[in-house]
J.: 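My structure is below; once you've seen it, I'll send some questions.
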Amino acid sequence: MNITNEIISAYIDNLYTNENEKLEELRNFAEEQHVPIIQKDTEKLLKVILKLKEPADVLEIGTAVGYSSCVFADCCGCRVLTVESNEDTAKAARINIENLGFSQLVEVRCGDARDVLKELDQNRRFDMIFIDAAKSHYREFWDLALPLMSEHCMVICDNVLMKGMTASDEYDTKGRYKTSIKRMREFIQYINSLDYADTTVLPVGDGVSISIIEKD
Ligand SMILES: C[S@@+](CC[C@H](N)C(=O)[O-])C[C@H]1O[C@@H](n2cnc3c(N)ncnc32)[C@H](O)[C@@H]1O
């Protein structure tokens with residue numbers, strides 16, 4: 001299910017253009033292979049944010065084929081550290097990143113982000129963090145990324161509305177996602193309750209949360 005009105009989504013998607021031919025090819029490849037990558041409207045939103053924020057260092061949790069990390073690097077020349085748990089996927093992402101000419105900017109770390117984040121130099125800081133991996137673990141990703149957030153970091157999480165299921169059980173027609181829905185609702189509640197973060201949830205793509213961090 002799409003969380004937005006289909007006519008409006010189709011209209012917005014029709015406005016989408018990709019000036020980088022190789023990125024366009026990678027998007028087409030991912031879509032053909034049913035690899036879940038950021039939706040077109042989410043990509044446009046992220047690009048506008050990247051241009052406003054101009055982050056130097058981005059941490060991404062969930063690489064897949066390397067599409068979004070290349071979008072980030074292409075958009076504002078930022079360095080990207082991206083974490084992928086699946087070994088074959090991480091290998092494929094490295095090849096794509098090399099082919100697209102971003103290997104100087106984008107580094108793929110293979111491993112469960114819950115381990116990789118602990119192993120990173122805890123003095124390292126990221127200006128933007130993009131969480132786009134296993135939805136049940138968003139809270140753990142956030143907490144482990146907290147020490148790595150720069151003073152005015154922006155944290156963006158994808159798929160937070162889970163095809164509408166976060167908002168209402170009626171979209172979980174077979175009752176198959178009870179645990180992940182519960183966890184996502186708790187996560188959204190959590191990030192909205194933090195006094196060091198200002199958060200908004202937008203019905204873009206599959207739901208995107210944007211949090212501005214203000215560390216003392
Ligand atoms: C939605 S895809 C990422 C799409 C990518 N951000 C893009 O838009 O091009 C999610 C990826 O996260 C990976 N993943 C899931 N759980 C993970 C974890 N705990 N640590 C690291 N990667 C994980 C999956 O293997 C999958 O490739």
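In each ligand, atom 1 is the first atom listed, and ligand 1 is the first ligand listed. Note that the structure is a prediction, hence the values are computed from the model and not measured.
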J.: Per the salt bridge (charged side-chain N to carboxylate O under 4.0 Å, His left out) rule, what does the pair list look like for residues 27-38, sequence neighbours excluded?
T.: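 Listed once each, the pairs are Arg27-Glu31, Arg27-Glu43.
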
J.: Less than 4.0 angstrom from a charged side-chain N to a carboxylate O is my criterion; do Asp143 and Arg139 meet it?
T.: yes

J.: Below 30° counts as parallel, above 60° as perpendicular, anything between as tilted: where do the rings of Trp142 and Tyr196 land?
T.: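 Answer is tilted, since the angle falls between 30° and 60°.
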
J.: Compare all side-chain heavy atoms of Ile131 with those of Val155 and state whether any distance is below 4.5 angstrom.
T.: yes

J.: Are side-chain heavy atoms of Ser136 and Thr179 found at a separation under 4.5 Å?
T.: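 No; the side chains remain at least 4.5 Å from each other.
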
J.: At a 4.0 angstrom heavy-atom cut-off, what protein residues surround ligand 1?
T.: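 Those residues closer than 4.0 Å to ligand 1 by some heavy atom are Pro36, Ile37, Ile38, Glu60, Gly62, Thr63, Ala64, Tyr67, Ser68, Val83, Glu84, Ser85, Gly111, Asp112, Ala113, Asp132, Ala133, Ala134, Phe141.
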
J.: On a heavy-atom basis, which atom in Arg185 and which in Thr166 lie closest, and how many Å separate them?
T.: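 What the structure gives for the nearest pair is NE-O, 2.8 Å.
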
